[in-house]
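Throughout, protein chains are lettered first and strands after them, A, B, ... in sequence-line order, and every chain is numbered starting at 1. No experiment lies behind these values; they were computed from the predicted model shown.
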Protein chains: 2
Amino acid sequence: MSKYAEIAQDIRASIEDGAIAPGERLPTVVELCELYGVSKVTVRKAVELLAEQGLVSSRRGSGTFVKATPESKGVDGRHAGDTLYIGRTDRSIGFTNEHAHQGEVSSVVHLFAIEVPPAEVAARLDLGDEDFCYHDVRTRLLDGVPLVIEDTYMPLELVPGLKRHHVEGSIYNYLRQDLGLHLASFHRIVRAVAATAEEAGRLDIAEGDPLLELEQIGFLDSGAPFEYSVSRNVGSRSALHTINIT
Amino acid sequence: MSKYAEIAQDIRASIEDGAIAPGERLPTVVELCELYGVSKVTVRKAVELLAEQGLVSSRRGSGTFVKATPESKGVDGRHAGDTLYIGRTDRSIGFTNEHAHQGEVSSVVHLFAIEVPPAEVAARLDLGDEDFCYHDVRTRLLDGVPLVIEDTYMPLELVPGLKRHHVEGSIYNYLRQDLGLHLASFHRIVRAVAATAEEAGRLDIAEGDPLLELEQIGFLDSGAPFEYSVSRNVGSRSALHTINIT
DNA sequence: AAGTGGTCTAGACCACTTC
DNA sequence: AAGTGGTCTAGACCACTTC
């Protein structure tokens, strides 16, 4: 691990165990340089990392302050206990890994085919008129409770050898571990929509119930889009957490 | 403007006008150093900024590549034209400023009072049992079309002098321009919920229609929470854009 | 082996706040 | 005036890919 990541982790521990209370100031950048025996650039990267994680806020001329977040005072989320979180701090690392610690993940595959995608999807995946895609539709469940229907397209050429048993398990694990691809970023559009009759049946809810829709394009570190997906998450069982720095 | 921001802007222009096509590689870091006459750290900060903006992706040992995004090829969003976006790239800069370029923003104030907030809200705002808050509820409209109902609490002590005419206009402008506060970050939880009968009436939709709920805590650069709000956005008129780097 | 991005140093200077 | 974070230099070394 890099020095700045270790320093960030160390400061984070000091915040979480209360050694630096919410509202209090961190040691100055120069003090942290001396404390950890590193240069200023390294301390700055550590502090930036903490700011991205939502723990601190820096004010030029004044100092870096621990944010008074509910987490730092042990307050639970409003729906804690009855909400299955899609992801902490809005990092998409795939459904299986997100929920792995929460229970048993399973999938019902409604469709798994190779086809020429609709023009709008082809445009998003940077494909020509005649390029083929995998197209799969699946319901994902946690401990038997349906959470989300995912409708996914992936270019055939980028993802060779995808089989039905990958779709029944974790596609992302296949991409990373078997193909050695590096998933770099996701562009998302989030909406609230009403469940159709078919979706309601698959998700064990009522028609018209609110769903959290995520329209998403995933990119590799080569800049190539490897996935276009529209997922519809049961509103009462899902929430998306984000941290926004201005 | 800082050097790295100028360099990022310049590279961004090269990408957007097609001088560097999607999928192509940027000049190497060393080449960019020579091109702009700056050191490596400055080029790296510029490239990191472009990565945060979703334009490029870097691969160690290989290069930095322009992402093949729909935007870089002139493809419109799926619902472009009939969706009012909450914010580009998920940066909360306040409703008025977000929509200022799109039309005329107005507000209907349902409640504006000073009260002791519920315990859960007090906990989120880092307040004691007896501390007072402003509490306002308002519907916000764009060109007369209702978009969202905002239910907001703000600590009395942090926001002195708030009046009804500020609530009818832009609260954020009052915080920034009149009080000189620096809004630093927002922690959000996004959900899909169904409209109640009262909400449906205020938003000119049907009861049970899907709403995009944003539960949000806003922080100043001092680390103090200045706002707790739950906003409910009409599903068919709202979308939230995010970019996630892994 | 050569080329690429990622981290780091030990300083310097600047913008902003008043610890 | 003194203290704070933010930017920047001119290098160095390292991790990773193969341009």
Side-chain angles (χ1 to χ4, degrees), chain A residues 1-9 11 20-52 55-67 176 179-182 184-185 220-224 245-246, chain B residues 1-9 11 20-52 55-67 176 179-182 184-185 220-224 245-246:
Chain A
M1 193 188 299
S2 53
K3 282 191 188 178
Y4 76 86
E6 279 181 4
I7 294 169
Q9 201 170 56
I11 297 174
I20 317 176
E24 281 187 359
R25 212 181 66 179
L26 255 55
T28 70
V29 173
V30 172
E31 285 169 350
L32 289 169
C33 288
E34 291 162 359
L35 188 58
Y36 289 104
V38 300
S39 70
K40 201 169 167 182
V41 173
T42 304
V43 165
R44 289 282 312 133
K45 284 204 77 165
V47 172
E48 276 169 22
L49 194 56
L50 292 169
E52 280 172 25
L55 274 77
V56 304
S57 186
S58 294
R59 185 181 357 190
R60 191 193 200 110
S62 183
T64 298
F65 301 86
V66 177
K67 281 160 71 175
R176 269 192 285 249
L179 296 181
L181 298 178
H182 296 90
S185 57
L220 303 177
D221 59 2
S222 67
I245 316 286
T246 57
Chain B
M1 193 189 297
S2 54
K3 282 191 190 178
Y4 76 86
E6 280 181 3
I7 293 169
Q9 202 171 55
I11 297 174
I20 315 176
E24 282 187 359
R25 214 183 64 179
L26 254 55
T28 70
V29 172
V30 173
E31 284 169 349
L32 289 170
C33 288
E34 293 164 357
L35 188 59
Y36 291 104
V38 300
S39 71
K40 201 170 165 181
V41 173
T42 305
V43 164
R44 289 280 312 133
K45 283 205 77 164
V47 171
E48 275 169 23
L49 194 57
L50 292 169
E52 279 173 25
L55 275 76
V56 305
S57 186
S58 293
R59 185 182 355 191
R60 191 192 200 108
S62 182
T64 297
F65 301 87
V66 177
K67 281 162 70 176
R176 267 191 287 248
L179 297 181
L181 298 178
H182 296 92
S185 58
L220 302 177
D221 58 3
S222 67
I245 315 286
T246 59

Residues that A:Q9 engages under side chain to side chain contact (heavy atoms under 4.5 Å, CB included), provided they are two or more places apart: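 A:Q9 satisfies side chain to side chain contact (heavy atoms under 4.5 Å, CB included) with A:M1 once adjacent residues are dropped.
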
Residues which pass side chain to side chain contact (heavy atoms under 4.5 Å, CB included) with A:T64, listed by chain and number, not counting sequence neighbours: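 A:T64 satisfies side chain to side chain contact (heavy atoms under 4.5 Å, CB included) with A:L26, A:V47, A:V56, A:S58 only.
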
Nucleotide-level pairing of DNA chain C, given in dot-bracket where Watson-Crick and G-U pairs need both distances under 3.5 Å and | marks other strands: ||||||||||||||||||.

Within the 4.0 Å heavy-atom criterion, would you say [X] contacts the bases, only the backbone, or no part of the nucleic acid?
| X | value |
| --- | --- |
| A:S58 | sugar-phosphate |
| A:K40 | base |
| B:S2 | sugar-phosphate |
| B:R59 | sugar-phosphate |

Which pair of heavy atoms, one from [X] and one from [Y], lies closest together, and at what distance?
| X | Y | answer |
| --- | --- | --- |
| A:Y4 | A:L49 | CE1-CD2, 4.1 Å |
| B:I20 | B:R25 | CG2-O, 4.1 Å |
| B:S57 | A:A184 | OG-CB, 3.4 Å |
| B:V66 | B:A21 | CB-O, 3.6 Å |
| A:S185 | B:I245 | CB-CD1, 4.1 Å |

Donor-acceptor pairs are to be reported for all side-chain atoms of residues 32-39 of chain B against protein atoms at under 3.5 Å, with residues two or more places apart or in another chain.
from	atom 1	to	atom 2	distance (Å)
B:Y36	OH	B:D10	OD2	2.5

Earlier contact from the 5' end, DNA chain D, for B:T42 and A:V47: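 It is A:V47 whose nearest nucleotide is closer to the 5' end.
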
Nearest-nucleotide comparison on DNA chain D, the residue closer to the 5′ end among B:V41 and A:H182: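 The residue whose closest nucleotide sits nearer the 5' end is B:V41.
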
5' priority, DNA chain C, between A:S39 and B:R60 [closest heavy atom]: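 Looking at DNA chain C, the more 5' nearest nucleotide goes with B:R60.
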
Spacing of [atom1] belonging to [X] relative to [atom2] belonging to [Y], to within rounding of 0.5 Å:
| X | Y | atom1 | atom2 | result |
| --- | --- | --- | --- | --- |
| A:R60 | B:H182 | CZ | NE2 | 11.0 Å |
| A:E6 | A:I11 | CD | CD1 | 12.0 Å |
| A:L220 | B:K67 | CG | NZ | 10.5 Å |

Terminal contacting nucleotides, 5' and 3', DNA chain D versus chain A (heavy atom, 4.0 Å):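 That gives a stretch of D:dG3 to D:dC8.
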
Residue-level proximity of residues 28-37 of chain A to DNA chain C when a heavy atom falls under 4.0 Å: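 Here the set is A:G37.
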
